[in-house]
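Reading through the structure tokens given below for one structure.
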There are 2 protein chains.
Amino acid sequence: MTAPLDSIFAALADPTRRTILAMLLEDDMAVTDVAEPFEMSLAAISKHLSVLERAGLIAQEKRGRLKWCKLEPAALKAPSVWMQGFGQFDPVNLDDFERFLAAEIKFQSSDAEQEGS
Amino acid sequence: MTAPLDSIFAALADPTRRTILAMLLEDDMAVTDVAEPFEMSLAAISKHLSVLERAGLIAQEKRGRLKWCKLEPAALKAPSVWMQGFGQFDPVNLDDFERFLAAEIKFQSSDAEQEGS
DNA sequence: ATGTTATTCAACCTTTTGGTTGAGGGTATG
DNA sequence: CATACCCTCAACCAAAAGGTTGAATAACAT
């Protein structure tokens with residue numbers, strides 16, 4: 001059921017995909033809206049999304065003509081457990097996380113909007 | 001100084017490399033001893049080790065004609081922080097980790113020995 | 001000096017990855 | 001109906017990843 005560590009870590013290794021995950025942290029989004037801030041084709045983003053889905057990191061649900069993407073944070077539990085076995089870190093510092101997001105997300109709260117319902 | 005998340009996650013995406021990390025969790029090892037349990041060439045393992053080193057996950061130090069590899073667990077802090085930002089998990093359960101290791105390590109405490117000192 | 005062990009380098013090969021474009025299938029909407 | 005929008009598929013491409021082999025380098029042993 002849970003995807004193997006291989007595909008999860010591989011999915012996380014791409015900066016575009018990590019940025020997508022960060023975007024989805026704020027809200028569910030449709031494919032076109034996910035693609036908007038990036039400078040690559042929609043088809044490329046579509047591929048990235050299916051990599052993320054195969055890794056179990058997101059779920060996609062089609063409603064009408066939109067396909068909604070939502071984060072599946074539970075998928076991160078397995079790799080998180082794996083990693084923490086190697087070094088016991090302090091209780092996670094969320095400020096560190098914010099710094100990561102700031103550094104990685106290029107589009108600064110751009111004009112990507114999504115339609116209600 | 002700390003390697004970018006790209007290279008860390010990419011390094012972790014390969015099962016051979018994760019197994020190597022698990023081996024080094026028990027003890028520092030020389031390259032040939034690391035390679036012993038695997039069915040691939042020494043050169044291939046050497047490449048894997050340099051991927052791990054570029055990712056900051058291990059350090060290699062040459063002493064005499066042996067090159068010792070040791071874990072650099074601090075390198076996992078960055079990706080760990082990143083991941084935990086997505087889902088707050090329970091304090092890590094070390095039993096889960098043991099299960100991962102058991103599942104991943106194929107060679108069951110095989111005849112890989114390393115020289116003292 | 002010669003040989004043996006430890007490790008990497010260089011060249012090569014195949015498969016995977018990340019991107020492109022153009023066509024096409026659904027699903028609204030005028 | 002016709003048309004526009006949302007998304008994926010298929011074919012293609014270049015570059016990177018993961019492996020091989022054989023030669024090269026470095027250090028110890030005889």
Open item on the list: Can you see if the side chain of A:K47 gets near the phosphate of D:dT8 - specifically, an N or O under 4.0 Å from OP1 or OP2?
Closed with: no
Task: Phosphate contact (D:dC7 OP1 or OP2) by A:T32 side-chain N/O below 4.0 Å - done: yes
Task: B:E53 CD to C:dT7 C1', straight-line distance once rounded to whole Å - done: 13 Å
Task: Shortest non-hydrogen separation from B:P15 to A:D6 and the atoms involved - done: CD-OD2, 3.3 Å
Task: Phosphate OP1/OP2 of C:dG18: any A:R17 side-chain N/O under 4.0 Å - done: yes
Open item on the list: If you compare every side-chain N and O of B:S41 against the phosphate oxygens of D:dT20 (OP1, OP2), does one of them come in below 4.0 Å?
Closed with: yes
Open item on the list: Need one value for B:K62: base, sugar-phosphate or nothing, where a base atom within 4.0 Å counts as base even if backbone is also close, heavy atoms only.
Closed with: sugar-phosphate
TODO: Would you mind checking if A:D27 and A:K70 are paired as a salt bridge, meaning a charged N to carboxylate O distance below 4.0 Å?
DONE: no
TODO: Check every strand shown and say whether B:A43 touches a base, only sugar-phosphate, or nothing at a heavy-atom separation below 4.0 Å.
DONE: base
TODO: Could you check how far CZ of A:F9 sits from P of C:dT17, rounded to whole Å?
DONE: 16 Å
TODO: Please figure out whether A:G64 or A:L42 has its closest DNA chain C nucleotide nearer the 5' end.
DONE: A:L42
- [ ] To the nearest Å, give me how far apart CG (A:L66) and P (D:dC5) are.
- [x] 13 Å
Task: Distance test, side-chain N/O of A:S46 to OP1/OP2 of D:dC7, below 4.0 Å - done: no
